[in-house]
J.: 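My questions all concern the structure below.
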Amino acid sequence: MSLSSKHLLGIRNLTKEDISLILQTATQFKEVLQRPIKKVPSLRDITIVNLFFENSTRTRISFELAEKRLSADTISFSASSSSVSKGETLLDTVNNILSMKVDMVVMRHSASGAPHFLAQHIPAAIINAGDGINEHPTQALLDAFSILEKTGGLEGKKIAIIGDIMHSRVAQSNIYLLKKMGAEVVVCGPPTLIPKYITEALGVQVEYDIKKTLEWCDVANVLRIQLERQNQVLFSSLREYNLAYGITRRLLDSLSKEIVIMHPGPINRGVEIDSDVADGNQSIILQQVENGVAVRMAVLYLLADRGQ
Amino acid sequence: MKILIRQARIVDPNSPHNGLVKDLFIENGFIQSIDDRIEKEADKIVEADNLHLSPGWMDVFANFADPGYEFKETLETGAMAALHGGYTDVMLIPNTQPIVHNKSGIEYLVQKGRSLPVNVHPIGAVTKNTKGDELAEMYDMKASGAIAFSDGTQSIQSAGLLLKALQYIKTFKGVVIQLPDDQSINPQGLMNEGIISTQLGLPGKPAMSEEIVIDRDIKLTRYTDSRIHFTGVSSERSLEYIKKAKKAGLNVSCSVTPNHLFFCDEDLETYDSNLKLNPPLRTKKDREALQKALRDSVIDCIATHHLPQERDSKLVEFEYAKYGTIGLETAFAVINTAMPGENPETWVRILSLNPRKIFGLPDLLIAASQPACLTAFDPQKNWVVELKDIKSRSKNSPYLQKTLTGKVVATINKNQLFINQ
C-alpha cells in the first residue's frame, strides 16, 4: 500500500484511505517506540533536510527524532542561521541543498502555499511542517491519532476547535482531516478570529459561546493565542480573552460530562488554558507530543518510496 | 508607404462601410480609398481569412515601467507588446521611478512617445509621489499632455483629498482614474476573501473593500459634479453602484481587465503567482456579472492592467510575489475566448470607441481620407500563447501555453504596419 500523493502538502489533498494508512502505520511505529531499542533501519541511506523558515521547537525535534528512529541521515536548518537572511530565494536555497543529493524535504514556512510552490519546481518529496495560515498536516494526523487512541474512533465524534481559527494552520488541517473521517466539527472563538466563509468553505459549524461548545463536544482542541498578532485589533486584551474563552477548571467542572482536552502547543498558560486544566487528568497534551514522533515516522516511511 | 488590405469586414458603427467586406488602400498614413476591389501596387499587403477591421484599439491602464524599471519594460518593448495586441493607443500609469507627477515626467513620455509606433498617453499622478497626501501639479501636467490623472496601482484613500482633486480638475475637464480599494480592510489580504481563500489558507481581501470606495467616490463625484473612471472593477456589487450612478446621469465610467473576465478565484488552486492580481480575482458569480455588465454597457472599456514583472519577482512564494500580469498582447484573445460568440461590434466599442470618448481623444473613422489608425483581427482563429512570441520584456503571463480564440492580424499606425506572424 502507498499514498496517493508523492508529497504531504496538506490534508486537503489526501484521500480517506491515505489518512487511514498513515494512522495504521503510525500504530506500528508507536509499538516500535516502546521497545528497548527504538530504532529501525527503514530509511537507511535516505537523506532528509529539515528546513525551518519559522521558529519551531516541538515540530522540529519531533521530525528529527522520527528521522533518526528510522535511521535516516538528517540535516536541520533554521532561517536565522542560513543564507536566507542574505536575501537568497527559497528556490535557490532548496536547489543548493538538493544538489548535495538530498532525498526529502521537511519544510516549515511563514507563507501559505510555499511547499506547493516548491513541489512544482523540485524533484524531491516534500513534507509540509506548517505553511502560513494554511496547513499543518502532521499535527492534524497526530491529533487524530491521539483522539483515536483515547476515544476509539473518529467517525461521529464531536470535536470542538477553540480559539484563533483564522490564523491557525492546525485548525485548518484538523478540520479537513476530521471531516474526511466523518467527525462533526464546531469551531468556537471570537468573531474576529473566525473566517467569515468557514461554514461554506470547510463544512463546520460556528459557535461563539464557549460553555455551549464544551457541553456539546467529546473532545476540545484548544488553540494557542498567537501573542505576536496582538497588535491587529483582534481582541482587546489577553485578560479579556481569558475571561471569555479561556478553559478553566471551573468551566470544565460545570459541564454535565467529562471531555478530553487537547492543545497543539506551545501553551500560553492562563490565556487560552489554565494550568490546572492543561496538567489535569482530562488533558492528553503530552500524549499528543509522544504520538507526534510515531505519526511523523509513518509519514516519512510512506513517502520515502524505497521502490517496494 | 502603401498598404493594401484585402477583403476585410469593416467593424465601425460610425463608418458608412460598417459591416461590409472591402479592400482598403492606405498611402502615407491615410486611408486613400475603400472599395469592393482595389487593384493597385502596394508595398505591403494584408490578407487573411475572416479578416475584420476596427479603428485602432486603446488601452486605458498600462505600465511601461520606463523610466526606472527598464528591466521590466521599456517604452520600446511596451510599444511592441501593444502593437502585437492590436493597440495603437496606450495610456500609461504614473507608477514609474520617478513617479510621473510633474511636467517633466509628462514631457519625457510625450517626447519619447513621438518616435514610438504607438501613441502613448501619459497619466499624471493625482498626488505627489502617489503618496496620497498632497495634490500634484495637475494643471501643469495637463498643459504638457497628461490625458488623465490617477495614482495608478495606488488607490487614493483619503475622501477629503480626492474631493479636492475632483474639484481641481474641473477647470480643464480632467478625469480621475481610481483603482478602488480600501486599504484599511484586511491589508494583508492576498486574494479575494471567500470560500476559496478559506480553503487555500490564503489571507483574503473582501470585495467590500472595493465596493466601499466605489460607493464613496460616486458620492464625491456627485458633490463635485466632476468626472471619475474606476479601473479594474471586479465585483458584482460594484457594478450595481456604477449602474445606478450612470442612471442618475453622473459622469462615472469604468473598465474591467481581461483577467477578471477569464479567470476567477478558483483558478488560484495551484498558488500561481501570475494570478496574484490587484484587484484580486473574484468568484465565478462576479465573473458572470462582469461579462453581463460588459454586454449591457455598464462597463465601458477594457483596461489591460499590463503590469510587467521580471521573472525573479514571480518565481517566489505567493505571498512574496509582486502583483500583476502583462496583458496587452493577449487582451483581445482573452476576452473573445471568455465571451465566445460576442458580436465583434461589442469589442470595437469597448476597445476603441468608448475609451477614446471617455478620455477625450478625437473619433477615428474608417473612411476615405481619414488617418489610418487600424486594427485588423480574426475573431475565430485559434492560437497558442507561446513564450517566444511575447514582445514584452517581462513574461509574467498566466496565458502561456493556453489556446485562445481570436487573433490580431495586423496593426497600422503612424504610417507603419505591424504584421502579427
Side-chain angles (χ1 to χ4, degrees), chain A residues 9-13 53-54 84 87-95 107 109-121 128 130-137 165-173 175-176 179 187 192 194-204 206 229 232-234, chain B residues 183-209 211 235 237 264-277 280-286 309-323 396 398 400-401:
Chain A
L9 301 178
I11 303 293
R12 189 163 66 95
N13 322 85
F53 295 97
E54 222 184 36
V84 171
E88 194 178 41
T89 68
L90 174 61
L91 206 49
D92 281 343
T93 303
V94 174
N95 275 327
M107 183 172 79
H109 198 292
S110 64
S112 298
H116 307 69
F117 161 71
L118 209 54
Q120 289 164 21
H121 293 99
N128 181 3
D131 65 321
I133 60 169
N134 184 30
E135 285 222 44
H136 190 352
I165 311 297
M166 174 99 77
H167 303 102
S168 175
R169 52 196 174 211
V170 175
Q172 182 96 339
S173 284
I175 292 168
Y176 275 127
K179 294 294 294 183
V187 295
T192 49
I194 294 185
K196 181 172 161 64
Y197 296 94
I198 193 161
T199 302
E200 299 94 314
L202 304 176
V204 299
V206 176
R229 297 195 197 279
Q232 288 182 18
V233 213
L234 297 166
Chain B
Q183 292 166 353
S184 70
I185 298 173
N186 288 16
Q188 72 282 18
L190 299 171
M191 67 174 289
N192 178 54
E193 182 190 72
I195 292 172
I196 306 296
S197 69
T198 310
Q199 288 172 344
L200 292 178
L202 283 172
K205 181 106 188 157
M208 177 185 64
S209 60
E211 294 150 7
S235 102
R237 208 161 283 158
C264 65
D265 58 356
E266 293 170 32
D267 294 302
L268 280 157
E269 177 78 18
T270 56
Y271 300 88
D272 180 356
S273 62
N274 280 327
L275 293 178
K276 185 176 173 185
L277 307 175
L281 295 167
R282 307 274 182 212
T283 65
K284 245 185 193 155
K285 190 158 170 281
D286 288 304
Q309 304 289 7
E310 76 284 10
R311 184 171 178 267
D312 291 345
S313 70
K314 285 289 192 181
L315 197 59
V316 291
E317 300 86 320
F318 191 83
E319 184 176 336
Y320 305 148
K322 296 231 166 82
Y323 283 94
N396 54 312
L400 290 174
Q401 294 311 314

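In what follows, every heavy atom counts, from backbone to side chain, and hydrogens, waters and symmetry copies are set aside. This is a predicted model, so every value here is computed, not measured.
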J.: Looking at every non-hydrogen atom in both residues, tell me the closest pair between A:Ser112 and B:Gly201 and how far apart they are.
T.: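 Looks like OG-O, 2.6 Å.
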J.: Under the 3.5 angstrom rule, does the side chain of B:Glu317 hit a backbone N or O of A:His109 as a donor-acceptor pair?
T.: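 Checking the backbone N and O of A:His109 against the side chain of B:Glu317, no donor-acceptor pair under 3.5 Å is found.
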J.: With a 4.5 Å limit on heavy-atom distance, are the side chains of A:Leu202 and B:Gln199 in contact?
T.: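 The answer is yes; the side chains approach within 4.5 Å.
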J.: Measuring heavy-atom distances to chain A, does B:Pro203 have an atom under 4.5 Å in its side chain, in its backbone, in both, or in neither?
T.: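 Contact with chain A: backbone and side chain both.
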J.: Name the region of B:Ser197, side chain, backbone, both or neither, that has any atom closer than 4.5 Å to a heavy atom of chain A.
T.: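 No part of B:Ser197 comes within 4.5 Å of chain A.
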J.: Using a 6.0 Å cut-off, check whether atom CZ of B:Arg237 has over 12 heavy atoms from anything other than its own residue.
T.: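 No.
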J.: Of the backbone (N, CA, C, O) and the side chain (C-beta and beyond), which part of B:Gln188 lies under 4.5 Å from a heavy atom of chain A, both, or neither?
T.: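 It is the side chain, since no backbone atom gets that close.
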J.: Just verifying a value: how many Å separate A:Thr199 OG1 and B:Ile195 CD1, rounded to the nearest 0.5 Å?
T.: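 Nearest 0.5 Å value for the OG1-CD1 distance: 10.0 Å.
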J.: Mind checking whether B:Tyr320 and A:Ser110 have side chains closer than 4.5 Å, heavy atoms only?
T.: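 With C-beta onward as the side chain, the pair touches.
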J.: Checking heavy atoms, do the side chain of A:Gln172, its backbone, both or neither come under 4.5 Å from chain B?
T.: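 The side chain, not the backbone.
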J.: May I ask you to check whether B:Tyr271 and A:Asn134 show a side-chain donor-acceptor distance below 3.5 Å?
T.: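 Their side chains do contain a donor-acceptor pair, which is all the 3.5 Å distance test asks for.
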J.: Given heavy-atom pairs under 4.5 angstrom as the criterion, report whether the side chain, backbone, both or neither of B:Leu315 touches chain A.
T.: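 The answer is both parts of B:Leu315.
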J.: Does a side-chain heavy-atom distance below 4.5 Å link A:Lys196 with B:Thr198?
T.: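 They are not in contact (no side-chain heavy atoms under 4.5 Å apart), so the answer is no.
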